[in-house]
Q: 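Below is one structure. I have some questions about it.
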Amino acid sequence: MNGADKLGHLSSSTALDVELQAKVSALGRGSRHDVCASTSSSRSVSGFRRIGAVSFPGVCQAFTPDGRCVSLFKTLYTNACTHSCYYCPNGAMSRGCGKYSFTPEELAKIVLKLYKENYIEGLFLSSGVGRDEERTMEEMIEAVELLRGKYGFEGYVHLKILPGVGRDHIRRAMELADRVSINIETVSSSTMGEISPSKDYLTDILRRQSFIREEMRRTPLPAGHTTQMIVGGAEERDLDIFRRAVYEYRKMGVRRVYYSAFTSIEGTPFEGRESVPLQREKRHYQLDWLHRVYGFSEKELFCVFDDEGYLPAEDPKKRLAECLLDGPVDPNTASFKELLTVPGIGPVSAGRIIRIRKRRRIESPEELSELGVALKRAWPYLLLRGWRQSTLRWWGS
Ligand code: SF4
């Protein structure tokens with residue numbers, strides 16, 4: 001049974017009354033801007049399935065620290081919010097669905113029920129700030145305290161930290177959760193002013209992130225802390241988004257930066273503005289992967305941007321190969337880094353190539369394929385037994 005089937009089944013067969021079902025549905029849909037998947041995912045381009053890995057309001061998939069893919073009950077605590085972020089359907093200005101809030105006991109009981117019935121394995125709890133961020137954060141914490149204390153819940157919990165909340169709340173949230181996150185949304189104070197004028201970038205967001213980073217020394221989180229940016233909300237360049245992401249990894253110690261393409265929301269000043277194509281969001285995930293997993297430096301990756309600071313329409317790794325390689329590489333002699341630069345070769349296949357060539361020469365494309373190389377992408381960049389594909393685009397023939 002997939003997530004949609006499970007919650008559909010839940011709606012029709014459990015003891016949740018009609019009012020509570022409406023609440024679960026509205027607050028699940030309201031959380032669609034918060035990405036909880038580990039990577040960008042394939043999604044349809046209409047309706048609530050457009051953002052995040054949400055297969056149905058209320059359920060998303062995420063990876064735990066030990067690498068398991070688990071189903072999480074993904075929801076807002078409340079969809080009421082005094083802020084008016086121009087990219088968010090929960091803002092005070094937007095004309096969304098009605099306003100709903102859980103109570104701590106209500107939320108704890110729903111999570112427990114779904115958990116016991118094997119619908120979910122954990123909770124991803126985000127929220128609007130309600131009337132007051134401190135009060136709402138307190139109630140979110142209380143719900144998790146009930147789960148952990150009164151009900152003995154040991155499942156995975158990801159808690160959003162609301163902008164502007166006090167350090168005591170952050171500390172308590174970190175004692176209870178496996179992962180916490182605060183969305184930085186954009187790259188600077190001035191761009192924050194363009195998309196979310198009531199939030200202070202430095203005080204409400206970056207200062208809270210610094211608290212999390214400092215508290216991590218005292219209370220290390222099993223799944224670390226993460227953040228999220230809206231791509232194209234303030235019309236910032238891709239290069240600015242990338243630089244901010246690098247800063248987040250290096251200075252703030254985040255485990256992951258997630259990206260979410262801007263979508264136009266009814267009732268906001270950006271209503272009618274063109275939504276950003278998911279392809280652009282995907283390019284950020286690819287670039288992030290090259291930096292975070294493959295270890296290419298910020299400096300090395302600058303060359304993938306065009307003169308105006310935007311990412312190419314194609315996979316950034318192609319552009320990287322064209323910048324960093326002097327010509328096609330011979331897998332029998334190339335360094336690990338050169339192999340890693342070739343599109344279609346990752347750290348695992350590069351490692352296998354290095355190991356196998358200590359014993360014998362690699363003679364054929366088929367051998368590379370067996371070592372995990374995505375040959376269709378890699379072949380234009382390789383030279384094997386003095387022979388290479390003739391369709392190279394940037395080296396002379
Ligand atoms: S603070 Fe969060 S919930 Fe409120 S409008 Fe902004 S993004 Fe939406």
Side-chain angles (χ1 to χ4, degrees), residues 23 26-36 48 50-52 54 57 60 74-102 107 124-140 143 158-166 169-170 173 180-189 191-209 212 225-234 236 244 257-271 273 275-276 281:
K23 203 182 270 193
L27 294 174
R29 274 201 303 277
S31 69
R32 66 190 185 272
H33 279 271
D34 286 305
V35 182
C36 76
F48 60 72
R50 193 168 180 279
I51 292 176
V54 181
C60 75
K74 179 170 178 263
T75 185
L76 298 177
Y77 184 79
T78 175
N79 62 358
C81 193
T82 49
H83 288 295
S84 293
C85 305
Y86 299 166
Y87 50 85
C88 176
N90 305 311
M93 279 177 171
S94 61
R95 293 191 295 270
C97 56
K99 296 299 175 192
Y100 296 89
S101 293
F102 286 120
L107 178 61
F124 180 109
L125 183 58
S126 184
S127 188
V129 304
R131 266 175 299 182
D132 164 8
E133 66 272 5
E134 297 290 352
R135 181 69 203 132
T136 304
M137 191 80 230
E138 235 167 72
E139 290 185 21
M140 291 164 72
H158 179 159
L159 253 184
K160 277 278 166 199
I161 301 297
L162 301 183
V165 293
H169 284 140
I170 294 175
V180 299
S181 57
I182 182 163
N183 293 358
I184 58 167
E185 313 289 18
T186 185
V187 301
S188 67
S189 292
T191 53
M192 179 62 95
E194 286 174 40
I195 60 170
S196 185
S198 57
K199 282 196 288 198
D200 185 300
Y201 193 62
L202 296 180
T203 310
D204 292 339
I205 312 290
L206 293 191
R207 187 132 182 252
R208 312 298 135 182
Q209 255 197 338
I212 295 172
H225 68 114
T226 61
T227 192
Q228 185 176 322
M229 275 192 273
I230 304 288
V231 175
E236 57 278 88
R244 175 52 66 179
V257 177
Y258 293 98
Y259 306 91
S260 178
F262 166 79
T263 310
S264 173
I265 303 289
E266 258 184 65
T268 69
F270 288 171
E271 177 176 353
R273 203 169 113 177
S275 294
V276 169
E281 175 191 300

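Numbering of ligands and ligand atoms starts at 1, following listing order. Note that these values count all heavy atoms, side chains included, but never hydrogens, waters or copies made by symmetry. Please read these numbers as outputs of a predicted model, since none were measured by experiment.
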Q: Can you list the protein N, O or S atoms less than 2.8 Å from atom 4 (Fe) of ligand 1?
A: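 Protein N, O or S atoms closer than 2.8 Å to atom 4 (Fe) of ligand 1: Cys81 SG.
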Q: Enter the distance from Glu236:CD to Thr186:OG1 here, rounded to the nearest 0.5 Å.
A: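 Here the rounded value is 4.0 Å.
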Q: Tyr87 heavy atoms, cut-off 4.0 Å: which ligand 1 atoms fall inside?
A: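 Those of ligand 1 that fall under 4.0 Å from Tyr87 are 7 (S).
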Q: Assign the ring pair Tyr86 / Phe270 to parallel, tilted or perpendicular, where the plane angle (0 to 90°) is split at 30° and 60°.
A: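 Judged by the thresholds at 30° and 60°, the geometry between Tyr86 and Phe270 is perpendicular.
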Q: Working to the nearest 0.5 angstrom, can you tell me the gap between Leu162 CG and Tyr77 OH?
A: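 Reported value, rounded in 0.5 Å steps: 11.5 Å.
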Q: To the closest 0.5 Å, what do you measure between CD (Gln209) and CG (Leu202)?
A: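 Here the rounded value is 11.5 Å.
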Q: Any idea which atoms of ligand 1 are less than 4.0 Å away from a heavy-atom of Lys199?
A: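 By the 4.0 Å cutoff, the relevant atoms are 1 (S), 6 (Fe).
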Q: Would a 4.5 Å heavy-atom cut-off, applied to side chains only, mark Ser181 and Gln228 as touching?
A: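 No, side chains not in contact.
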Q: Glu133: what forms a salt bridge (charged side-chain N to carboxylate O under 4.0 Å, His left out) with it, not counting sequence neighbours?
A: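 For Glu133 there are no salt bridge (charged side-chain N to carboxylate O under 4.0 Å, His left out) partners, ignoring immediate neighbours.
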Q: OG1/Thr136 to NE2/His169 distance, rounded to the nearest 0.5 angstrom?
A: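 Rounded to the nearest 0.5 Å, the OG1-NE2 separation comes out at 10.0 Å.
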